[in-house]
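Structure, as structure tokens:
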Amino acid sequence: MIADLKTHLLDLLRRALAGVAPGQQLAITLERPKQASHGDFATNLALQLAKPLRMNPREVAQRLVSELPPSPWVAKAEVAGAGFINLFLNNAARLQPLGAVLERGEHYGRSRLGAGKKIQVEFVSANPTGPLHVGHGRGAAYGASLSCVLAFAGFDVHREYYVNDAGRQMDILALSTWLRYLELHEVAVPFPPNAYQGAYVTEMAHQIRVAHGPRYLHEAEVVLAGVPGLEPDKEAHLDGLITNAKELLGDDFAYIHAHVLSEQLADCRDDLSEFGVHFEHWFSERSLYDTGLVERTVAQLEKHGHIYTQDGAKWFRSTSFGDEKDRVVQRENGLYTYFASDIAYHLNKFERGFDRVIDIWGADHHGYIPRVKGAIQALGLDTAKLEVALVQFAVLYRSGQKTSMSTRSGEFVTLRELRHEVGNDAARFFYVLRKSDQHLDFDLDLAKSQSNENPVYYIQYAHARLCSVLAQWNGEEDDLLAAELSVLTGERELALCARLAEFPEVIEGAARDYAPHTVAFYLKDLAADFHSYYNAERILVEDPDLRLARLALALAVRQVIQTGLRLLGVSAPHSM
RNA sequence: GCGCUUGUAGCUCAGUGGAUAGAGUAUUGGCCUCCGAAGCCAAGGGUCGCUGGUUCGAUUCCAGCCAAGCGCGCCA
């Protein structure tokens with residue numbers, strides 16, 4: 001409808017252009033002016049033409065206006081400012097979007113932009129070594145909202161969580177749990193400061209003790225045998241302990257490893273699920289090793305001459321692809337690096353036939369992009385299909401003080417804690433209310449103590465008000481779909497219609513730019529327009545025609561708020 | 001040092017090659033016998049970091065500088 005209207009206006013301008021400057025090929029831009037006095041649409045066409053035609057822009061504008069063919073929708077066209085052409089629509093045209101919302105209902109705003117293309121969105125992918133913290137929450141909220149927007153814009157979206165279940169961090173978690181277990185049995189092994197400190201580790205140790213008693217007990221001397229001291233290299237100390245644990249426990253270490261992994265993954269899954277964040281796939285890093293894909297990937301790179309050996313390690317020549325230095329894929333000790341499995345993972349993604357793959361990473365991974373893209377190119381794949389969206393870290397403030405968010409130190413505010421304090425709706429909305437590449441100062445005190453000031457309530461309140469009015473009318477909502485809308489002539493009403501008309505454009509923009517925050521800002525604007533209208537005019541008036549038309553407008557606004565909030569994972573309560 | 005990101009109202013943040021740069025919050029003053037005051041209306045508050053360049057026009061694009069965050073491992 002409104003797309004047709006825009007097409008119609010563009011067509012009018014194109015014909016005027018042909019009359020004034022035959023042969024001029026210009027991309028005509030049509031924008032919605034910020035000020036109502038500048039019309040419903042404006043174009044800078046005359047300003048663009050002024051130079052090639054060597055004419056005064058206002059004069060060009062004047063000639064374009066006089067060449068503009070008559071239209072059933074355009075009330076007037078006028079020249080303004082430096083040479084803008086402002087187009088004013090008649091009321092029938094301005095009411096069109098309202099009719100479109102009523103007709104399409106929950107599908108209003110849906111787009112064919114994605115054309116059913118398969119697109120994978122991988123996000124969160126936090127190591128399952130402890131509870132998710134508020135930093136992960138941002139990636140979760142962003143990824144989930146973006147995925148919904150993309151799906152609404154016509155993409156076939158696949159959400160995926162990459163589970164880092166193969167690396168050293170998981171070994172450290174298993175070790176940490178075992179050490180806590182020994183501690184519970186009063187075995188005197190000092191708990192290393194760089195092991196996982198969180199209380200959940202002790203809880204898991206406790207569970208293991210309850211389930212298996214003393215089965216995993218060993219004397220302190222054997223546990224510490226041959227382990228280098230904490231100084232000078234505390235990581236070497238940790239590695240020594242891991243080596244001993246694996247030897248002493250054998251298959252039992254694998255059991256503890258598997259146990260802590262499944263515990264943490266289950267916790268993570270529950271946490272995200274309660275946050276309204278769901279994944280189609282949980283992809284195991286370890287499976288890349290089990291299926292031999294990591295090995296095959298490196299071999300393939302080697303075959304094509306992108307690998308060389310130096311100092312006993314295998315290096316990928318990523319400098320050939322614009323990286324600042326070459327990167328190790330297989331260490332001197334034979335173990336593959338995280339990078340190696342990540343190349344294999346991306347190869348696997350491409351082999352699954354996605355038209356586009358989006359990785360959502362924390363901004364601290366930005367230096368990682370050139371090497372991954374380089375590897376993809378080296379494998380003969382199309383790097384343009386991979387897009388990386390960086391999400392800046394949330395910097396957490398408590399009582400005006402910056403708070404640490406390290407998982408290993410155990411000093412962090414968990415996502416679960418945050419959700420319980422401020423609620424899922426406020427948390428989801430708060431996270432997505434800034435563009436993703438903007439640093440986020442997350443003021444805990446503000447979020448927790450003043451949650452009523454969170455703008456999400458402003459929008460939800462508008463929704464509840466609309467529900468309330470419609471309930472008091474107590475009629476059949478289906479009857480509103482056929483209401484005669486032409487009695488709506490007030491500026492506020494027509495402004496609301498214009499706002500409704502923007503929604504499909506906002507969705508397409510958000511999908512194109514990976515910017516779900518624009519949906520949040522749009523909803524704030526829509527709610528503001530409605531609150532303003534609601535205070536100025538009465539909806540349930542005596543005149544039955546006007547009442548029905550206003551109720552139809554209310555229904556449409558409620559629908560778009562509902563749709564928008566759903567995309568952001570925020571509830572639309574009927575009362576609050 | 002190099003790279004990426006950021007710099008807009010007291011604070012937190014949107015936005016744009018175009019007309020008078022916006023919102024929330026904070027401050028001040030109004031609006032409920034009337035559909036929900038978690039709301040509305042109004043006022044004050046700005047060198048869009050600085051300097052150049054491109055352009056009819058730059059807060060927006062480009063370069064340099066200043067400042068902040070992050071990254072620069074045979075960690076993941």
Nearest to the side chain of [X], heavy atoms from C-beta on, is which of [options]?
X	options	value
A:Tyr461	B:U12, B:A19, B:G36	B:G36
A:Arg331	B:A14, B:G39, B:C74	B:C74
A:Gln35	B:A76, B:U20, B:C70	B:U20
A:Leu47	B:C70, B:A76, B:G18	B:G18
A:Arg434	B:G36, B:C13, B:C40	B:C13
A:Asp311	B:A76, B:C74, B:G36	B:C74
A:Asn164	B:C56, B:A14, B:A76	B:A76
A:Asp364	B:A19, B:C70, B:G3	B:C70
A:Lys524	B:U12, B:A37, B:G24	B:G24

Torsion-based syn/anti label for B:C32, 90° from 0 as limit: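 Syn, angle within 90° of zero.
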
ring centroid sep under 5.5 Å plus plane angle under 30, A:Tyr534 with B:C35: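 Yes; centroid distance and tilt both under limits.
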
Stacked pair A:Tyr458-B:A38, distance under 5.5 Å, angle under 30°: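 It does not: the ring fails the test against the base of B:A38.
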
Test item: A:Ile376 and A:Lys373 side chains (from C-beta on) under 4.5 Å apart, heavy atoms: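 A side-chain contact under 4.5 Å is absent here.
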
Close side-chain approach of A:Asn44 and A:Phe84, heavy atoms under 4.5 Å: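 Yes, their side chains come closer than 4.5 Å.
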
Distance, rounded to the nearest Å, where A:Tyr338 contributes OH and B:C74 contributes C1':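 Rounded to whole Å, this separation is 17 Å.
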
side-chain hydrogen bond (donor to acceptor under 3.5 Å, both in side chains) between A:Asp342 and A:Tyr368, worked out: CA-CA 11 Å; A:Asp342 218 16; A:Tyr368 197 68; 3.2 Å; yes

Sugar-phosphate only, base, or nothing, as touched by A:Met170 at under 4.0 Å among non-hydrogen atoms: nothing

Test side chain to side chain contact (heavy atoms under 4.5 Å, CB included) applied to A:Lys435 and A:Tyr514, step by step: CA-CA 9 Å; A:Lys435 61 183 176 202; A:Tyr514 304 158; over 6 Å; no

Stepwise ring pair (Phe, Tyr, Trp, His ring centres under 6.0 Å) test for A:His517 and A:Tyr142: CA-CA 9 Å; A:His517 75 278; A:Tyr142 174 72; 8.8 Å; no

Separation of the C1' atoms in B:C11 and B:U27, to the nearest angstrom: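 After rounding to an integer number of Å, I get 13 Å for this pair.
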
Span that lies between the C1' atom of B:C40 and that of B:U55, in whole angstrom: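 So the two C1' atoms sit 43 Å from each other.
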
For A:Ser318 against A:Lys325, the heavy-atom pair lying closest together: OG-O, 2.8 Å

Residues within residues 535-544 of chain A bordering RNA chain B, heavy-atom distance below 4.0 Å: A:Asn535, A:Glu537, A:Arg538, A:Ile539, A:Leu540

Strand-adjacent residues in residues 462-475 of chain A, judged by heavy atoms under 4.0 Å from RNA chain B: A:Ala464, A:Arg465, A:Ser468, A:Val469, A:Gln472

